[in-house]
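Read the structure below first, then the notes.
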Amino acid sequence: MAGATPFYITTPIYYVNDKPHIGHAYTSLACDVMARFKRLDGYDVKFLTGTDEHGQKVEKSANLKGIDPQSFTDGVSQNFRDLAAFMGYSNDDFIRTTEERHKKACQALWKKLLDNGDIYLGAYEGWYAVRDEAFYMEDETEKKPDGTRIAKASGAEVEWVEEPSYFFKLSAWEDRLLKFYDENPNFILPKSRRNEVISFVKGGLQDLSVSRTTFKWGIPVPDDDAHIMYVWLDALTNYITAVGYPDTGNEGYKKYWPADVHMVGKDILRFHAVYWPAFLMAADLPAPKRVFAHGWWTNEGQKISKSLGNVIDPIDLVNKYGLDQVRYFMLREVPFGNDGDFAHSAMVSRMNGELANDLGNLSQRVLSMVVKNCDAAVPTPGEYSAEDKVMLDQAYDLLENVRQSIDVQAFNEAIEKVWLVIRAANGYVDHQAPWKLKKEDPARMATVLYVLCETIRNVALLLQPLMPTSMEKMLGLLEIADGDRTFASCGAAGALKPGTALEAPEGVFPRFIDHEELEKSYEGKGYDGPFLIKRALRQNPKSKETVFEIILSNGETQELNSADLEKAKEKGTLTQV
RNA sequence: GGGGCAGUAGCUCAGUUGGUUAGAGCCGACCGCUCAUAACGGUCUGGUCGGGGGUUCAAGUCCCUCCUGCCCUACCA
């Protein structure tokens with residue numbers, strides 16, 4: 001891919017002391033969709049994710065388990081690799097802060113900062129609560145009558161401690177940071193987050209403690225073994241480690257740095273939008289082009305927390321609803337950047353209403369007609385009518401429209417644009433009524449079905465980044481060759497070849513039926529009958545009537561809808577099996 | 001305390017630099033269609049654009065004020 005524009009996107013490195021949850025899955029998903037989109041759009045993409053494996057908590061967890069920290073992190077880091085594979089993420093690299101390449105990069109960066117006079121040795125002092133393992137600001141503590149001092153938040157006793165520590169001269173970077181934000185208005189997105197950061201920086205910056213002597217599990221400070229690097233200088237550096245720093249002359253670095261997007265949760269925005277560009281500028285390195293801070297999920301309207309026990313495991317979600325369905329939902333439901341709510345009803349409504357009914361059924365109805373009425377091959381179009389052109393233009397304009405949204409991480413907007421075309425296509429089918437044209441004007445029918453196939457092709461191409469598995473299937477139904485699935489094939493350039501043989505279509509997006517819930521609702525009514533409800537087959541979305549598959553006492557299976565089931569019950573003709 | 005964001009139909013949200021009858025999706029009601037995954041299309045119901053005041057020929061869209069909710073206000077990943 002010589003000459004392709006590079007595109008470098010990163011997730012934060014995830015702290016291994018946590019179990020992977022929906023937040024991790026969400027950040028990485030957004031990156032994955034961007035990465036896949038850019039690849040299909042002809043970019044030379046590097047998509048990086050990884051794990052943050054140093055720190056006191058990790059050291060302690062390892063001690064508790066009676067194993068060395070390295071073995072411990074080897075194990076827990078794997079959880080994050082497994083999640084990435086499970087979710088279908090297409091990361092090109094997976095970095096671990098315990099790798100040798102990272103140690104080299106951090107120490108090189110440290111030396112550079114030291115040489116440039118931005119790191120100095122001082123003392124880290126403050127009110128430390130042993131119980132909380134945390135430092136508190138003066139105003140976060142209060143003096144009790146007996147003379148002891150406690151932390152207001154936890155009530156834990158604090159003591160004044162001083163330990164030698166290296167500091168980064170963050171205070172010296174205030175003006176240069178503000179100038180940087182001013183000159184790069186899209187460096188921090190969304191806009192409201194940018195405002196927060198700017199107001200934070202304007203409020204004045206203190207120097208940052210960047211080393212510790214109280215524990216060992218970290219990268220040693222060069223020429224001072226008593227210290228290890230602390231948190232952010234270690235963690236953030238991963239983004240340049242992965243492109244080969246400190247060898248700034250190597251291919252990877254030259255090509256990919258500065259990164260195009262650092263995707264982060266809103267909780268760690270400041271570190272990425274303030275500390276990180278300051279570190280880089282201090283080391284004479286260019287700052288990344290964008291930091292995007294996304295929001296958090298709630299669970300059925302409730303804040304997610306370990307203590308509430310309502311943590312969402314992405315693996316459970318995927319097992320319940322399907323991978324592409326979950327990927328779709330997370331980026332469709334919420335304007336990216338806002339907080340969102342994960343509700344079962346919303347999930348089902350999206351996957352049934354939009355995936356099964358709008359898109360899945362569109363491809364199913366169109367391809368069925370093609371296979372049945374066009375000799376099982378892509379039909380040959382005739383002259384296009386005005387309506388045909390309108391439909392086709394919408395499909396062909398999609399790439400440019402979607403691209404604009406994706407470039408600013410407006411995923412839900414991009415999806416909405418695709419769905420506009422899908423809805424238009426369903427309307428077009430009804431207006432053109434190819435099932436009538438079959439008898440009246442078969443040539444016209446062929447044209448209409450061709451236009452529809454083209455529309456589906458373009459929609460499916462553009463949805464590949466979001467739902468790779470399903471769209472692979474859909475493009476397969478159209479017999480699109482692997483080499484014709486990039487965005488270079490969008491529009492007329494990759495138009496379907498009439499005569500291409502097609503197989504009978506299979507459903508791409510099944511409807512979600514909550515079997516357990518439905519069956520329970522009947523059991524709950526105390527229903528007795530000479531049959532067992534084997535399973536709920538489907539539900540009529542209009543009448544809310546459910547059709548069950550039942551097993552009669554003679555072993556026969558039958559379908560019975562809920563209205564008849566109620567009648568049978570009223571008649572009292574049914575007895576317990 | 002300081003700062004930011006938001007408050008638009010039952011629900012979730014769009015609404016460019018102020019300009020004609022405020023939009024979409026979902027939900028609900030009705031009609032149509034029968035190719036399709038009991039799917040699709042169309043019509044309709046539904047809004048004092050948080051309250052009040054102001055600027056203007058004209059404000060959801062600018063100013064002031066009040067109310068409500070969320071977020072930021074440094075070393076935790």
Side-chain angles (χ1 to χ4, degrees), chain A residues 12-18 23-24 51-58 124 126 132-135 137 165 167-168 170 190-210 212 230-232 235 264-271 274-275 295-296 333-335 338-341 343 345-346 349-350 352-370 372-373 412-413 416 419-420 423 425-438 445 449 452 505-511 537-543 545-547 561:
Chain A
I13 43 174
Y14 302 119
Y15 201 53
V16 288
N17 220 36
D18 276 346
H24 301 118
T51 43
D52 181 5
E53 310 188 359
H54 289 133
Q56 196 165 19
K57 283 187 188 173
V58 170
Y124 184 45
D132 302 342
E133 294 170 22
F135 280 90
M137 293 285 104
S165 168
F167 282 84
F168 174 74
L170 188 62
K191 270 279 178 317
S192 61
R193 296 292 166 196
R194 172 184 145 87
N195 295 339
E196 282 178 10
V197 169
I198 289 174
S199 97
F200 170 77
V201 173
K202 279 184 175 163
L205 297 171
Q206 294 172 18
D207 289 349
L208 195 67
S209 166
V210 289
R212 283 290 186 275
Y230 187 57
V231 190
W232 293 106
V264 299
K266 61 184 184 182
D267 55 330
I268 54 173
L269 171 62
R270 183 191 314 135
F271 313 115
V274 181
Y275 299 0
W296 290 129
E333 180 71 1
V334 182
N338 291 4
D339 287 350
D341 182 42
S345 63
S349 157
R350 293 284 182 202
N352 285 355
E354 295 174 0
L355 293 178
N357 296 353
D358 292 343
L359 175 56
N361 185 53
L362 173 70
S363 81
Q364 188 68 16
R365 68 196 299 209
V366 168
L367 296 178
S368 290
M369 279 189 276
V370 168
K372 284 180 190 163
N373 307 312
N412 81 313
E413 188 182 270
E416 182 59 32
W419 249 258
L420 236 52
R423 290 193 200 104
N426 273 318
Y428 173 84
V429 181
D430 270 41
H431 292 141
Q432 300 303 320
W435 50 92
K436 280 184 186 158
L437 294 170
K438 183 161 96 178
M445 175 193 73
L449 291 178
L452 284 163
E506 277 177 19
V508 176
F509 294 109
R511 293 179 63 79
L537 284 176
R538 55 185 176 269
Q539 187 180 35
N540 184 330
K542 285 183 183 130
S543 63
E545 191 170 85
T546 307
V547 177
N561 68 37

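Residue numbering restarts at 1 for every chain, and letters A, B, ... go by the order of the sequence lines.
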| request: Determine the contact category for K372(A): base if any of its heavy atoms lies under 4.0 Å from a base atom, sugar-phosphate if only primed atoms, P, OP1 or OP2 are that close, otherwise nothing. | output: sugar-phosphate
| message | To the closest 0.5 Å, what do you measure between OH (Y230(A)) and CG (L208(A))? | response | 10.0 Å
| Which part of the nucleic acid, if any, lies within reach of G23(A) when heavy atoms closer than 4.0 Å are counted: base, sugar-phosphate only, or nothing? | nothing
| request: Pick the C1' atom in G60(B) and in U16(B), then give their distance to the nearest Å. | output: 14 Å
| said: Mind checking if L205(A) touches a base, just sugar-phosphate, or nothing, with heavy atoms under 4.0 Å? | reply: base
| request: Choose from A36(B), C76(B), C5(B) the nucleotide whose nearest atom is closest to any side-chain atom of S192(A). | output: C5(B)
| request: Take atom CH2 of W419(A) and atom P of G41(B), then tell me their distance rounded to the nearest Å. | output: 13 Å
| When we call it a touch if two heavy atoms are under 4.0 Å apart, what does V16(A) touch: a base, just sugar-phosphate, or nothing? | nothing
| message | Using only atom types and a distance under 3.5 Å, with no angle test, would you say the side chain of D207(A) pairs donor to acceptor with the backbone of F167(A)? | response | no
| remark: When rounded to the nearest 0.5 Å, the distance separating CD1 of I13(A) from CD of E53(A) is 8.5 Å
| query | In what stems does RNA chain B take part, counting only runs of at least 3 consecutive Watson-Crick or G-U pairs whose two distances fall under 3.5 Å? | reply | B:1-7 with B:67-73, B:10-13 with B:23-26, B:28-32 with B:40-44, B:50-54 with B:62-66
| note | Closest to the 5' end of RNA chain B, once H24(A) and S368(A) are matched to their nearest nucleotides, is S368(A)
| Reckon G427(A) touches a base, only the sugar-phosphate, or nothing at all at heavy-atom distances under 4.0 Å? | sugar-phosphate
| note | Testing C76(B), C40(B), C75(B) for proximity to the side chain of N426(A), the answer is C40(B)
| said: Which heavy atom of P505(A) sits nearest to which heavy atom of Q364(A), and what is that distance? | reply: O-NE2, 3.6 Å
| query | Taking atom C1' in both C27(B) and G52(B), what distance in whole Å separates the two? | reply | 34 Å
| request: Could you check which of C75(B), C40(B), A74(B) has an atom nearest any side-chain atom of N361(A)? | output: C40(B)
| task | On the 0 to 90° scale, with breaks at 30° and 60°, tag the W232(A)-F271(A) ring pair as parallel, tilted or perpendicular. | result | parallel
| note | Against the side chain of V231(A), the closest entry in U34(B), A74(B), A77(B) is A77(B)
| said: Roughly how many Å apart are G47(B) and A74(B), using the C1' atom of each and rounding to a whole number? | reply: 44 Å
| So which nucleotide from C75(B), C40(B), G3(B) ends up closest to the side chain of S199(A)? | G3(B)
| said: I'd like to know if the side chain of N426(A) reaches the main chain of D358(A), judged simply by a donor and an acceptor atom lying under 3.5 Å from each other, with no hydrogens or angles considered. | reply: yes
| Most 5' of Y124(A) and D430(A) on RNA chain B, judged by nearest nucleotide | D430(A)
| A77(B) versus G15(B) - spacing of their P atoms, nearest Å | 37 Å
| Expressed in whole Å, how much space separates the P atoms belonging to G18(B) and C31(B)? | 47 Å
| request: Give a yes or no answer on whether the side chain of Y15(A) reaches the backbone of H54(A) with a donor-acceptor pair at less than 3.5 Å. | output: yes
| said: Taking any heavy-atom pair under 4.0 Å as a contact, classify F271(A): base, sugar-phosphate, or nothing. | reply: base
| query | Short question: side chain of N338(A), backbone of V334(A) - any donor-acceptor pair under 3.5 Å? | reply | no
| In whole angstroms, how far is the P atom of C35(B) from the NZ atom of K438(A)? | 7 Å
| remark: Output for pair (S368(A) OG, N361(A) CG), nearest 0.5 Å, gives 9.0 Å
| field | Options C75(B), C40(B), G4(B), nucleotide nearest the side-chain atoms of Q206(A) | value | C75(B)
| request: Go through G25(B), U37(B), C75(B) for me and flag the one nearest to the Y275(A) side chain. | output: C75(B)
| query | When you measure from the side chain of D52(A), which nucleotide among A77(B), G25(B), U37(B) comes out closest? | reply | A77(B)
Expected rows: protein N/O vs nucleotides 69-71 of chain B N/O, under 3.5 Å:
residue : atom : partner : partner atom : Å
C71(B)  : OP1  : K303(A) : NZ           : 3.4
C71(B)  : O2'  : R193(A) : NH1          : 3.1
C71(B)  : O2'  : E196(A) : OE2          : 3.3

| field | Spatial distance of atom CZ (R365(A)) from atom CG (D430(A)) [nearest 0.5 Å] | value | 5.0 Å
| Nearest-Å distance once atom C1' is located in both U8(B) and G1(B) | 32 Å
| message | Using a heavy-atom cut-off of 4.0 Å across all strands, would you classify D207(A) as base, sugar-phosphate, or nothing? | response | base
| Separation of U37(B) C1' from R511(A) CZ (nearest whole Å) | 7 Å
| So does Y428(A) get a side-chain nitrogen or oxygen closer than 4.0 Å to the phosphate oxygens (OP1/OP2) of G41(B)? | no
| Can you tell me how far CG of L367(A) sits from CG of L452(A), rounded to the nearest 0.5 angstrom? | 9.5 Å
| said: If I pick the P atom on C63(B) and the same atom on U56(B), what distance separates them, to the nearest angstrom? | reply: 16 Å
| query | Within less than 4.0 Å of OP1 or OP2 of C5(B), is there a side-chain N or O belonging to N195(A)? | reply | yes
| task | To the nearest 0.5 angstrom, please state how far the CG atom of N373(A) sits from the CG atom of L437(A). | result | 10.5 Å
| message | Between C33(B) and G46(B), how far apart are the two C1' atoms, rounded to whole Å? | response | 27 Å
